[in-house]
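Only this structure's heavy atoms are used, side chains among them; waters, hydrogens and symmetry mates stay out.
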Amino acid sequence: MDLDRIVVVGASLAGLRAAETLRTEGFDGEVVIVGAEPHRPYDRPPLSKKLLAGEWEPDRIHLRQPDTFDDLDVEWRFGVAGAGLDPAAGVLHLTDGTDLAYDGCIIATGAACRRLPEQSRYGHVHEVRTLDDSMRLRAEIADGGKRVVVIGAGFIGLEVAATAKQLGNEVTVLEGGPAPLMRGLGAEMGSAIGAMHVARGVTLRCDVRVDRLHDDGVLLAGTDGAEGELIEADIVVVGIGVVPATAWLGDSGLQVRDGVVCDETLNALDVDGNTVPGVYAAGDVLRWPNPLFGEEMRVEHWTNAAEQGAAAAKNLLAASGRGDAAPEPYAPVPFFWSDQFDIRVQFLGRAHADDAVEVVLGSTEPGDDGAVKFLALYRQGDRVHGALGVNAPRWVMKMRGPLLEQASWDDAVAHAATLA
């Protein structure tokens, strides 16, 4: 397969890393990067933290300096998105009505915020996914003194809650599940993180259901036909998760199931389960079978987007016959982090709702200095497959070896003991 033009759909971290890797691997053909936003690729983690807090300005979160972008020698198309893909013809349709022919395509369109019904009609309701979202919310909470209600106690919701509270706002977090961070950390450890927010002045209410947004805040669902409680708010932030940006692929013939479905090498599959030549994906938008864990997964975090972008580019080139290398399975230990108040949460591996969880170092209770520091391990049966560190970066990163080796529980605990 000859590669003359490669199109990267999505000017994201994953898309940028894909383009950079194409160049470092020696591809000298055309590279076109299509981005729905008007901005060059930027770092998303600060959107709910340092940028939102006003500690950083937008130029601080650019992923590369302007001259470095120019040196990459790619064609940028900003403010236009993918409208459709025809893999058989090798054509990308764009929202501005134009078409781009390609020999190779890397889909890196990321994800979009889940939204509540009629969310867009309320001017005091915000979400945080883009640079513009963050700047709009920042203007509202910067001076403090506002009643801020955050719907959803996932990582973004808790990060926004912490930032808003630190700016002097009154903050309430509403969560439908029994504990915060259920999907990422499970109930026990999610509750531990939630307790740290409560200790810092955030009101946290779990097991509540939002009925609808209201001009004066958020109306909770009532019982027995009664009208629910009104949680008054000047500002509402909706943080109820994301959905992969795949709607534009509806007629493409690609297999889509909560993301673009790919094989182990990140090569997209068609609806019959066959690989689609020349089409790869990276970042939040795809799901693939991770052979290290023996399960299909979709990972929404920074490290995965960066590493997958590079892996997709290398495998696209390898599949085309360039060089002697063959496409390689993408088999990482997933990693993510989150900063909330003075709490740094780091997780390696996978967490499931039915995991056994044990704190093996430190404690979830504050020490004499008021700080919390601990390492918790997650297991299924006799195998460890997750490590959570709170304010313990060295401890959690030193667990990468046991996770790569799929170590037994006893061996993992013994290894952790050596870190104390």
Can you tell me how the ring of Phe336 sits relative to the ring of His301, calling it parallel under 30°, perpendicular over 60° and tilted otherwise?
parallel

Main-chain N/O of Gly389 paired to Trp395 side chain as donor or acceptor, under 3.5 Å
no

Considering non-hydrogen atoms only, spot the tightest contact between Pro393 and Gln346 and give its length.
CA-OE1, 2.9 Å

For Asp258 and Arg298, which heavy atoms make the closest approach, and how far apart are they?
O-CD, 3.1 Å

With a 3.5 Å distance limit and no angle check, can you tell me whether Thr418 reaches the backbone of His415 through a side-chain donor-acceptor pair?
yes

If a pair satisfies side-chain hydrogen bond (donor to acceptor under 3.5 Å, both in side chains) and one of its residues is in residues 192-204, list it, with sequence neighbours excluded.
His197-Gln340, Arg200-Asp342

In terms of side-chain geometry, is the basic nitrogen of Glu55 or Arg138 positioned less than 4.0 Å from the acidic oxygen of its partner?
no

For a side chain to side chain donor-acceptor pair (under 3.5 Å) check, start with the C-alpha distance between Arg40 and Tyr42, then their side-chain angles and the critical distance, and finish with the verdict.
CA-CA 6 Å; Arg40 287 190 172 187; Tyr42 58 83; over 6 Å; no

Does some side-chain heavy atom of Glu159 sit less than 4.5 Å from a side-chain heavy atom of Asp339?
no

So, Tyr280 side chain and Gly104 main chain: donor-acceptor pair closer than 3.5 Å or not?
no

Should we count CD of Gln380 as having more than 12 external heavy atoms under 6.0 Å?
yes

Decide side chain to side chain donor-acceptor pair (under 3.5 Å) for Ser408 and Asp410; before the verdict, give the C-alpha distance in whole Å, the side-chain angles of both, and the deciding distance to 0.1 Å.
CA-CA 6 Å; Ser408 70; Asp410 289 343; 5.6 Å; no

With the side chain counted from C-beta on, respond yes when Leu219 and Val210 share a heavy-atom pair under 4.5 Å apart, and no when they do not.
no

Flag the pair Arg136 and Asp133 as a salt bridge only when some basic side-chain nitrogen lies within less than 4.0 angstrom of an acidic carboxylate oxygen.
yes

Please lay out, stage by stage, how Trp248 and Leu92 fare under the test side-chain contact (heavy atoms from CB on, under 4.5 Å).
CA-CA 10 Å; Trp248 64 284; Leu92 169 69; 3.6 Å; yes

Among Leu388, Thr364, Leu185, find the residue that satisfies the side-chain contact (heavy atoms from CB on, under 4.5 Å) test when tested with Ile193.
Leu185

Do Glu25 and Arg322 meet the salt-bridge criterion of a basic N to acidic O distance under 4.0 Å?
no

Look at Arg129 together with Asp284 and state whether they make a salt bridge at an N to O cut-off of under 4.0 Å.
yes

Calculate, to the nearest 0.5 Å, the distance between atoms CZ and OG1 belonging to Arg257 and Thr246 respectively.
12.0 Å

What pair of heavy atoms forms the shortest contact from Ser252 to Pro87, and how long is it?
O-CD, 3.3 Å

Determine whether Val260 and Val279 satisfy the following criterion, side-chain contact (heavy atoms from CB on, under 4.5 Å), listing intermediate values before the conclusion.
CA-CA 11 Å; Val260 177; Val279 180; over 6 Å; no

Taking atom CG of Asp2 as the centre, report whether more than 12 heavy atoms of other residues, nucleotides or ligands fall under 6.0 Å from it.
no

Using only heavy-atom distances, determine whether the side chains of Glu295 and His352 contain a donor-acceptor pair under 3.5 Å.
yes

Show, in sequence, the C-alpha distance, side-chain angles and deciding distance for His124 and Val236, and conclude whether the side-chain contact (heavy atoms from CB on, under 4.5 Å) test is met.
CA-CA 6 Å; His124 67 303; Val236 176; 4.0 Å; yes

Just how far is it from atom CG of Leu286 to atom CD of Glu296, taken to the nearest 0.5 Å?
9.5 Å

Sub-4.5 Å side-chain heavy-atom contact between Ile107 and Leu249:
yes

Pairwise side-chain contact, Pro41 with Trp76, heavy-atom cut-off 4.5 Å (strictly under)
yes

Could you tell me if the side chain of Met399 sits less than 4.5 Å from the side chain of Leu419, heavy atoms only?
yes

If only atom types and distance count, is the side chain of Ser48 paired as donor or acceptor with the main-chain N or O of Ile156 below 3.5 Å?
no

Which one of Val173, Val149, Val171, Val160 satisfies the side-chain contact (heavy atoms from CB on, under 4.5 Å) criterion with Val237?
Val160

Do Lys50 and Arg60 have side chains that get closer than 4.5 Å, going by heavy atoms?
no

Checking Asp263 against Thr265: is there a side-chain donor and acceptor pair closer than 3.5 Å?
yes

Check whether any side-chain heavy atom of Val150 sits under 4.5 Å from a side-chain heavy atom of Val202, and report yes or no.
no

With no hydrogens and no angle check, do the side chains of Asp132 and Thr130 hold a donor and an acceptor under 3.5 Å apart?
no

Residue pair Pro366 / Val372, side-chain heavy-atom distance below 4.5 Å
yes

Electrostatic pair Arg115:Glu127 at N-O distance under 4.0 angstrom:
yes

Could you grab the distance from atom CG of Leu22 to atom CD1 of Ile6, nearest 0.5 Å is fine?
4.5 Å

Tell me if the CG atom of Asp96 is crowded by more than 12 foreign heavy atoms within 6.0 Å.
yes

Nearest atoms (heavy-atom pairs only) where Leu213 meets Pro117:
CD1-O, 4.4 Å

Side-chain donor/acceptor of Arg77 to backbone N/O of Val32, under 3.5 Å:
no

For Ser338 and Val345, indicate whether the former's side chain and the latter's backbone hold a donor-acceptor pair under 3.5 Å.
no

Take Phe335 and Val299 through the test side-chain contact (heavy atoms from CB on, under 4.5 Å) and record every step on the way to the result.
CA-CA 9 Å; Phe335 170 71; Val299 180; over 6 Å; no

Do side-chain atoms of Thr98 reach the backbone of Leu94 as a donor and acceptor pair under 3.5 angstrom?
no

Can a salt bridge be assigned to the pair Asp103 and Arg5 using a cut-off of 4.0 Å between side-chain N and carboxylate O?
no

Option among Val208, Thr172, Asp211, Ile151 that satisfies the side-chain contact (heavy atoms from CB on, under 4.5 Å) test with Val218:
Ile151

State the CD-CG distance between Gln406 and Leu292, to the nearest 0.5 angstrom.
5.0 Å

What pair of heavy atoms forms the shortest contact from Gly82 to Val34, and how long is it?
N-CG1, 4.5 Å

Return the minimal non-hydrogen interatomic distance between Val390 and Met196, and the atom names on each side.
CG1-CE, 4.1 Å

Please check: side-chain N/O of Arg287 versus main-chain N/O of Gly259, any donor-acceptor pairing under 3.5 Å?
no

Main chain of Arg350, side chain of His385: is a donor-acceptor contact present, judged purely on distance under 3.5 Å?
yes

Rounded at 0.5 Å granularity, tell me how far CG in Leu100 sits from CG in Leu85.
11.0 Å

Distance (rounded to the nearest 0.5 Å) between His214 NE2 and Ile231 CD1:
12.0 Å

Got a donor-acceptor contact below 3.5 angstrom from the Asn290 side chain to the Pro332 backbone?
yes

